[in-house]
Amino acid sequence: MHTDKFTIKQSVLTNSAGEKMYALAAEMFPICRSITGNGVRQSLDIIKKHLPIDINEVPTGRKVFDWEVPKEWNIKNAYIKNSQGEEIISFKNSNLHVLNYSVPVHKHVSLDELRPHLFFLQDQPDWIPYRTSYYKEDWGFCISYNQFKTLTEDVYEVFIDSTLEPGHLTYGEYYLRGAVEDEVLISAHICHPSLANDNLSGISVAVFLAKQLEKMPRRYSYRFLFIPGTIGAITWLAVNEKNAAKIKHGLVLSLLGDAGNFTYKKSRRDTAEIDRIVSAVLMASDSKNRVIDFIPYGYDERQYCSPGFNMAVGCLSRSTYGQYIQYHTSADNLDFIRPEFLEGSLNMTVKIIETLEANQKFLNLNPMCEPQLGKRGLYNLRGGNNDSKEFQMALLWVLNLSDGTHSLLDIHVRSKMNFDIVKEAANSLLEAKLVREIS
Amino acid sequence: MHTDKFTIKQSVLTNSAGEKMYALAAEMFPICRSITGNGVRQSLDIIKKHLPIDINEVPTGRKVFDWEVPKEWNIKNAYIKNSQGEEIISFKNSNLHVLNYSVPVHKHVSLDELRPHLFFLQDQPDWIPYRTSYYKEDWGFCISYNQFKTLTEDVYEVFIDSTLEPGHLTYGEYYLRGAVEDEVLISAHICHPSLANDNLSGISVAVFLAKQLEKMPRRYSYRFLFIPGTIGAITWLAVNEKNAAKIKHGLVLSLLGDAGNFTYKKSRRDTAEIDRIVSAVLMASDSKNRVIDFIPYGYDERQYCSPGFNMAVGCLSRSTYGQYIQYHTSADNLDFIRPEFLEGSLNMTVKIIETLEANQKFLNLNPMCEPQLGKRGLYNLRGGNNDSKEFQMALLWVLNLSDGTHSLLDIHVRSKMNFDIVKEAANSLLEAKLVREIS
Amino acid sequence: MHTDKFTIKQSVLTNSAGEKMYALAAEMFPICRSITGNGVRQSLDIIKKHLPIDINEVPTGRKVFDWEVPKEWNIKNAYIKNSQGEEIISFKNSNLHVLNYSVPVHKHVSLDELRPHLFFLQDQPDWIPYRTSYYKEDWGFCISYNQFKTLTEDVYEVFIDSTLEPGHLTYGEYYLRGAVEDEVLISAHICHPSLANDNLSGISVAVFLAKQLEKMPRRYSYRFLFIPGTIGAITWLAVNEKNAAKIKHGLVLSLLGDAGNFTYKKSRRDTAEIDRIVSAVLMASDSKNRVIDFIPYGYDERQYCSPGFNMAVGCLSRSTYGQYIQYHTSADNLDFIRPEFLEGSLNMTVKIIETLEANQKFLNLNPMCEPQLGKRGLYNLRGGNNDSKEFQMALLWVLNLSDGTHSLLDIHVRSKMNFDIVKEAANSLLEAKLVREIS
């Protein structure tokens, strides 16, 4: 197994969240996933060991908006043998070798006949590219350019032992009830084969975020989706069309295990609360983090942000498509992601959720002039260090802007003060009964 | 005739649009136009050889809002002779020599008496300035500073053989019906004597734009005005006050024959569709083009954008007033404008009109998630060159934003994609019945 | 008296407004003011010699929103004597020596017992800091660091001959009726002892602004408040809660006697008319002037801009808190402020008020096309210097934008023309009956 080198790393894992997430990714890495089939089922079974997800199956042919659920794809083996019977390309070495969703094939072909079915990267001669052919029946092999160069005129046996038959599209869902029915959606795609950053990192962070949220008090309810990209999101939206209106905020998680700084791609709404929250958290964390505009391309925010839904769902990643050359190649492997980056990503998502949860509006109950903070022990009469001066200012800002229209995020933005100190000030004023929450 | 040198150039003109426009300007150049009189009539007669315009006459004394149509001015001859009877300043050499709209005069004067009636440019000693006296009865001569310096103490015979009598104000109008009654106004002033860039270039471009539009399918109806500046626009608006509401967009054309980059002066509305269209077209064409804010000074946009009308009419020119020293002098002649610049201006106005015509809104008929482009042949499954990738993005943008509120211009602005590819994508989606036009 | 050195300067004062304001500040300087007590009364009596203000008294214990009017504080004498009976710190030398609002004390203490009651500035060893203890009963002395360093182990007699008893809070108010009931509030605090820039400069400028306004035609009514900071503003607002709605614009005046450029701190509304007016006037005057955002800290704008009032009240100062090291020390004395700076401040406030008074909306009575300015003598037919060209443009701008929605300030901003020339143009058009005022 080509994953042997990773098992060594797994053995030294201790119990940090980053290492647990890495181990989960490593466990799922060898599985050959696609948009349908047993690869997704096996992956969801592994997730279920961590999180009590529901596993849903939608039958092939089911009409989902403009699409329909495709056939189920499963694969047992695949290879190319030369005329000496040597297996020169083998699915067992890497499931990327097979054009994903390939129809079955078994025949003998000349090099000329084979060549149109071969995909490789001339610029990265050691890497195997990842290619799919979901919506056009085709077969093919993805190989390194160095492998390609060794091919001579010969008669090759090509064998792809796959099935494409009526079955199901499978996805996982996990719902975590909060104080209100308004939902936050967390969505990760689960349709890529042995690619670590692109799909496994997002899945792992989503699983461990869910585990953290289970332990936290929650204003919002949370819905986690582990779904095949595009057709999975479309299927879920079609099946749950009425529920979609409950989703008030959301994040697509992907590409969260590499060393890059964070990138947040805003929702189509551009200034939704989730957009403003994530921007504030990212910018407060590191000025090298980036916030980019919505474009109707990328992960499943494409579907969530289609005009008929227009959900407030953005996409959080570290590096993005086009920013790293390992994208959609065999180099997006378990060496490319690191426990510490997964852990940083988890912490960032937790911080985002905490900020979203905390972003309430308060009403100043003494709006005529300032209340007398001194008699409530909230005023440092003389002297005081810088921390207490900053806290004084935060109290004054929260009092001044808590007129029913400003959330703590608004106050944070206008005051240019750290969100956490604004939140702390609001809590002190709440305790002192100088403000009350607005529902 | 001082225009001899230009006739040589005319003889070598071939049949390009630029050369035809230049020839039209050259034909009109020698005529002594003013705000009323036969100069305008002769010019309109020349235009009528190209375009079936209506020629309208409004009688002197007709009340037009706060103004009234002035007397008709005509001139046969004018000169200054010295005591030796030599014609030292002669209308035959340049019609600019006479203060435009000058009352008749014939008398003998000393140099001291003559001086207050002489206009010259010390900074440009070879050039004759262009001066008018429409609303104060006066007579005068415009001469070069070099001519002025040769004047000695003498008795001068001044003779201006003009008439200022009840008559008419004359203007030309051309209406081109489109699919809807909503109109686009194209307005050019026709009151300046031998000035090439300032009035003849705008007239020529307007004439040839009309000829192009005649051949194009048109959503909008088009109204072309060839009118004396200020009083002509006021007269037209007074006579057609009710029609003005049909005008949804408009351009004043002027100063379009010189080598300068384009300048668009926005309408008073600042963000009218025409303002956004022209800005987009100019910026996409050359970053040295300029878009400037509305000011209530300039050409007839002053009247169209008066607060009672507040029409969405901007002004397109190349160089603008104050940007070139030849402005309102004898140096604004047929050497100053060039066929290639007139042709560039025509092309720019056509591009603007095409963009305005194309700037429709569409409605995505599958707004829930993306439609499946592949089954309609609109999706390049694998590979594909950059052009096709760009077209894919344009399809996605048009689908994503065609929610009933975004025009193609809005999509162009938000996507930062070329307007033409956005338009092409919309057309493909229209053919595929994935969007429909919103009227 | 430590103010002897200033009396020399007073003797050379002539009659400029700046010198009169300086003399007023100098007369009030020696008085020991606090938030209540005779110091405020004496100061208001001095103001009353210039302006017929009403002096109001609100009794101790009166509930004012979340606060109550505190006890009245008065002080006769205070000192620290060493064991030799030498008065080493004496209230007679500077009223800053006593912790303002100190409870009475008379006892003998060791240096260790004395130390927690001493306040000094290590960084400015010659200066006495200004400290208060309004809302926590305490006694103390403020001394220079050099004085502090001379203190040895000894038995010290500390004596503060103050009283803290039920009495009144005292403030001055002056109302100047205008054509309409809408009010402009001018507020200055009057609670600081011998501090020249911080309180006396604002009081002096407010007094002389009132005297100027008495002589000017007034559209607005004006209300001047001379009040103790914080509790005085809160008391006034509580007593006059219903009147507050009449206040349409307002300025807190403070720190107006030093050499710094002007600073305007905007109201909480951020874009209120007063904010836009003061910004325009300050920017037109000197690009080194500053306009800063509202923060809920500072002078009494904190109360006027509390969310329940949200009045359009900003704060005008020269240097601001934190910008100058003399703030709240004995170095903020009569040497720190200068007649010429007070006069500049007065002129700036007058300019602001003139601009506010002039900022009306007009309605163009000939909104269809331009009116004919020439027949009304408003058009410079030929030539004309730059001044007249600028005036022409101002006429056109006022005509073009006087559609009922634009004030002269709006026209000034959009035209980028000087406010005064815009105002002059509006006046000319008013005289010519081309526009009328909109009430």
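What's counted below: heavy atoms across the whole structure, side chains too, no hydrogens, waters or symmetry copies. Lettering follows sequence order; numbering is per chain, from 1.
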Given heavy-atom pairs under 4.5 angstrom as the criterion, report whether the side chain, backbone, both or neither of C/Asn400 touches chain B.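 Both parts, backbone and side chain.
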With only heavy atoms counted, which part of C/Leu401 is less than 4.5 Å from chain B, the side chain, the backbone, both or neither?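 Contact with chain B is through both the backbone and side chain of C/Leu401.
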Side chain, backbone, both or neither: which part of B/Phe294 has a non-hydrogen atom closer than 4.5 Å to chain C?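 When you check distances to chain C, atoms from both the backbone and side chain of B/Phe294 fall under 4.5 Å.
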Could you look at B/Leu237 and say if it's the side chain, the backbone, both or neither that has a heavy atom under 4.5 Å from chain C?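 For B/Leu237, the side chain is the part near chain C, not the backbone.
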Return yes when atom [atom1] of [X] has more than 12 non-hydrogen atoms of other residues, nucleotides or ligands closer than 6.0 Å, and no otherwise.
| X | atom1 | value |
| --- | --- | --- |
| B/Asp123 | CG | no |
| C/Glu181 | CD | no |
| B/Arg115 | CZ | yes |
| B/Lys63 | NZ | yes |

Run through C/Cys369, C/Pro371, C/Pro367 and flag the one making a side chain to side chain contact (heavy atoms under 4.5 Å, CB included) with B/Phe65.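 Testing each of C/Cys369, C/Pro371, C/Pro367 against B/Phe65, the sole residue satisfying side chain to side chain contact (heavy atoms under 4.5 Å, CB included) is C/Cys369.
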Given C/Gln372 and B/Tyr135, is the side-chain contact (heavy atoms from CB on, under 4.5 Å) satisfied, shown in steps? CA-CA 10 Å; C/Gln372 194 176 356; B/Tyr135 300 105; 3.4 Å; yes
Pairwise distance CD1(B/Ile295) to CG(C/Leu396) - rounded to 0.5 angstrom: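 Rounded to the nearest 0.5 Å, the CD1-CG separation comes to 9.0 Å.
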Whether the side chain of C/Lys375 engages the backbone of B/Trp67 through a donor-acceptor N/O pair (distance < 3.5 Å, no angle test) should be reported.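 It does not hold such a pair.
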Kindly say whether B/Gln303 contributes a backbone atom to a donor-acceptor pair with the side chain of C/Glu370 at under 3.5 angstrom?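 Absent.
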Salt-bridge criterion met for B/Asp293 and C/Arg414 (N-O under 4.0 Å):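 No, no charged N to carboxylate O under 4.0 Å.
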